[in-house]
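Each ligand, and each atom within it, is numbered from 1 in the order the structure gives.
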Amino acid sequence: MEQHSAPLWDAVRQYVGQKRRRFHLPGHKGTASLGGRGRVGKMDLTELPGLDDLHSPTGTIAAAQATAAAWFGADQTYFLVNGCTAGIQAMILAAVSPGQRLILPRHAHRAVLGALVAGGIRPRWLSAVGHPEWEFPLGVAAQAVEEALAEGDAAAVFVPHPVYQGVVSDLARIVGAAHCRGVAVLVDEAHGTHFGLDERLPMPALRAGADAVVQGTHKTGGALTQGAMLHLRGQRVPAERVRRALDLLQTTSPSYLLLASLDLARRHLATRGRREHAALLDAVLGLRDELGRRGVRLLGSEDLPAGHALDPERLTVAVGEGRGPAAARRLAEEHGIQVEYAGADHLVAVTAPADTPADLESLAAALATLGVSAKGTGALPQPGWPTQVLTPREAVLAPAVAVPLARAVGEVAAEPVAVYPPGTPVLWPGEAVTAEVVAYLEQVRARGLHLQGVGAEGRLAVVGTPLGR
Ligand SMILES: Cc1ncc(COP(=O)(O)O)c(C=O)c1O
């Protein structure tokens, strides 16, 4: 399909060009200001004659989605205005019925929780594969997925591709194992819209055979924040169920700034993406070599388990145990460089075609000043998995009460609890709080690390009512 057109963008421009007197919403009537009147306000439209209907598209949105599907290799593509979150929830709700099981890693993004709760879906958790020198999950072992599939009760498998630090698991093998059993594979490709633009990037999930894939077009595809896409291929995830789920999850007032930016991002990727990413990869691979010579330790392919691969455009830099947040502050305050993410022992810097050679050189120079990282061994060992006594739905929708950590043992978690970063829950809702988990959380607090799901005063939300205690 011809990729130079951008039907939705053209429709928005045409509407603005007609200079109509606006007696319709949004109430700013085209004057919304982001620090000065201009095209942004005029283009902040929603569904109007000629601009189609996101929930039942037959015109320009349908044409823009079809053009995107052709480019990404999908049978059907849906534009998302509530980030990857809406797409992740829709594909899970479409593939897994209430009470059925979904195989997914414990380090899945918390966006999955909305689907587990709305759908009454039961998780079958997978542990992550890791590396002794890095504190974050690198991915899932295909063998662990095969073993979970052998239980014979899962309706779908959910795979992050890649994890935040740019590492992908052996998705083709996971897809093969799942499809042998007629099980659908749902992929969170939030950080991988650009995969497939160069042979040096990981294999895109659709090419690996995934049935449903959510891409954060706003993350690495050039769209405005919140703009994302959900792609379907084949019949394992029924399009009709996806459409119904998206009807539940997406706003009825979609922003045409977001929608048009998805159309333009696809056109840009299709017409210029290969050239731009080839140039970026040449530059970034050179930068990786240079940083290595200067003694900076970067996550590299040599760190990965068999079958895993790395997006070289994402730079994960070791800074030493516990030094991540301070190193990120130093880069910002002393070098004017803001990285994407500071883990306890590493930083993540995201590169993109918009970076100039001067930007990349400044990054390299600044990283080199952080000094060679002495990798620490101080990471706390993760506690064992607690028993799931309620489904996530039962736990999240039940009355809950906040109790001091010390009194939480034996109670049932009402919210996910995670050390952030990296944000992998040690407790998912519905799991019984163990003494081991509480001891771990006390140690985390003593180290001053940030905990999600435990308030500043050290209280944890557990299922129950105040009267019940
Ligand atoms: C791996 C992963 N999946 C899903 C999401 C959710 O994406 P969004 O913020 O577009 O809803 C994120 C957000 O950072 C993410 O990192």
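- The aromatic rings of His161 and Phe195 stand perpendicular to each other, their planes meeting at an angle above 60°, with 30° marking the opposite boundary.
- Looking at heavy atoms from C-beta onward, Leu315 lies in side-chain contact with Val284 at the 4.5 angstrom threshold.
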Carefully, step by step, assess His179 and Asp211 under the rule side chain to side chain donor-acceptor pair (under 3.5 Å).
CA-CA 10 Å; His179 285 180; Asp211 302 280; 2.7 Å; yes
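- For ligand 1, residues of the protein lying within 4.0 angstrom by heavy-atom distance are Gly83, Cys84, Thr85, Ile88, His109, Tyr164, Asp188, Ala190, His191, His218, Lys219.
- Here His109 and Tyr164 keep their ring centres 6.0 angstrom or further from each other.
- The cationic group of Arg106 lies under 6.0 Å from the six-membered ring centre of Trp125 and within 45° of the ring axis, placing it in a cation-pi geometry.
- Side-chain N/O atoms of His191 and Gln215 include no donor and acceptor closer than 3.5 Å.
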